[in-house]
There are 2 protein chains.
Amino acid sequence: MPEHPTFDILTATCPSRTSLARIANKWTAMVVIALSSGRLRFRDLRTTVDGISPKVLTDTLRDLERDGIVTRHVYAEVPPRVEYELTALGRTLHAPLQALGIWAEEHITEVLAARESYDAHT
Amino acid sequence: MPEHPTFDILTATCPSRTSLARIANKWTAMVVIALSSGRLRFRDLRTTVDGISPKVLTDTLRDLERDGIVTRHVYAEVPPRVEYELTALGRTLHAPLQALGIWAEEHITEVLAARESYDAHT
DNA sequence: CTGGATCCTAACCGATACTG
DNA sequence: CAGTATCGGTTAGGATCCAG
């Protein structure tokens, strides 16, 4: 048995693809990174993940909650307070997603240079 | 100086976000994983990344080429032969993306269970 | 404060057919 | 074979307003 059997996520019918589609997403990455430091309320997530619209944040959080990556804590207060937190499962996702974020930051210069050179060739 | 300065990819104006948007993408992940074993021609990529349409594959490859992640090798033959290969930069991206693919496969059971439980609560 | 309700645009993406 | 061209459906995502 191969230590990693020809990666069946490359197979169209593999259910893991539905999960990959969710996690391989820029908003997911940023939200998970933002939550890695701990529980945050909706408002704080909005400011931490700069530029995210309330709608997109709500949608993203709901999808992450559905996939068991995030938990929603509602406090019966006025004004309402809702906090979001990574689950145990979500915490296992942090490293891979942060690696992606770090890659983007570390290589942005090369990427921008590549784009410029590519566009010049038009 | 912080070892990791409050992750400025969370800032809306950070250019790294444009790169993150590209790499945090399911097709990118699958194509990079497929190319990690070596140079592949268009046709072989199509069959390796099962279910990808020629249009999406073309678009994805063009974007990756533009970002300096993939190189395109054209052979002046009949019938034409075109091969794609990860650049040095692209190879540094393989580990993070494969980690994401592995995560999706390893945790798909938990994810599916979470979805079922979430949907039941409706 | 949370986030639902709308509306609307852009983008993604799938299918198919066709050319060099 | 390697695409491009086209079309159209679906979804992502931004803006705005409003309710509990």
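Chain letters run A, B, ... following the sequence lines, proteins first, then strands; residues in each count from 1.
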Note to self: The test is side chain to side chain contact (heavy atoms under 4.5 Å, CB included); show your working for Leu57(B) and Trp27(B) and say whether it passes.
What the structure shows: CA-CA 8 Å; Leu57(B) 181 54; Trp27(B) 294 123; over 6 Å; no
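In this structure, the nucleotide among dC13(C), dG13(D), dT2(C) sitting nearest to the side chain of Asn25(B) is dC13(C). With dC13(C), dG13(D), dG20(D) as the choices, the nucleotide that has an atom nearest any side-chain atom of Pro80(A) turns out to be dG20(D). In the set dA2(D), dT2(C), dC7(D), dC7(D) carries the atom at the smallest distance from any side-chain atom of Lys55(B). Across dA2(D), dG14(C), dG3(C), the shortest atom-to-atom separation from the side chain of Trp27(B) is found for dG14(C). Among the nucleotides dT2(C), dG14(D), dG14(C), the one closest to the side chain of Arg43(A) is dT2(C).
Rounded to whole Å, the distance from CG on Asp44(A) to P on dG3(C) is 12 Å. Leu61(B) has its CG atom 10 Å from the P atom of dT4(D), to the nearest Å. Separating the CZ atom of Arg41(A) from the P atom of dT2(C) is a distance of 5 Å, rounded to the nearest angstrom. Summarising the geometry, the separation between CD on Glu83(A) and C1' on dG3(C) is reported as 16 Å, rounded to the nearest angstrom. Taking atom CG of Leu57(A) as the reference point, atom P of dC1(C) lies 14 Å away to the nearest angstrom. We find that CZ of Arg62(B) is positioned 9 Å from P of dG3(D), with the value rounded to whole Å. Rounding to whole angstrom units, CG of residue Leu40(A) and C1' of dC1(C) are separated by 15 Å. One atom, CD of Glu77(B), and another, C1' of dC1(D), lie 11 Å apart when rounded to the nearest Å.
Between Asp67(A) and Arg22(A), none of the side-chain N atoms (NZ, or NE/NH1/NH2) sits under 4.0 Å from a carboxylate O, so this pair counts as no salt bridge. Salt bridge status for Lys55(A) with Asp59(A): present, with a side-chain N to carboxylate O gap under 4.0 Å.
Closest-nucleotide positions on DNA chain D for Pro54(B) and Asp63(A) were compared, and the one nearer the 5' end corresponds to Pro54(B). Each of Asp59(A) and Pro79(A) was matched to the nucleotide of DNA chain C holding its nearest heavy atom; the match closer to the 5' end belongs to Pro79(A). Comparing Thr60(B) and Arg46(B) against DNA chain C, the residue whose closest nucleotide sits nearer the 5' end is Thr60(B).
Once rounded to the nearest 0.5 Å, the distance linking CH2 of Trp103(A) with OG of Ser16(B) reads 10.0 Å. Separating the CG atom in Leu112(B) from the OG atom in Ser19(A) is a distance of 8.0 Å, to the nearest 0.5 Å.
Residue Thr58(B) is in base contact, counting any heavy-atom pair closer than 4.0 Å across all strands shown. The residue Arg72(B) sits close only to the backbone: its heavy atoms come under 4.0 Å of sugar-phosphate atoms, none of a base. Within the 4.0 angstrom heavy-atom criterion, only backbone atoms of the sugar-phosphate kind lie near Tyr84(A); the bases stay farther away.
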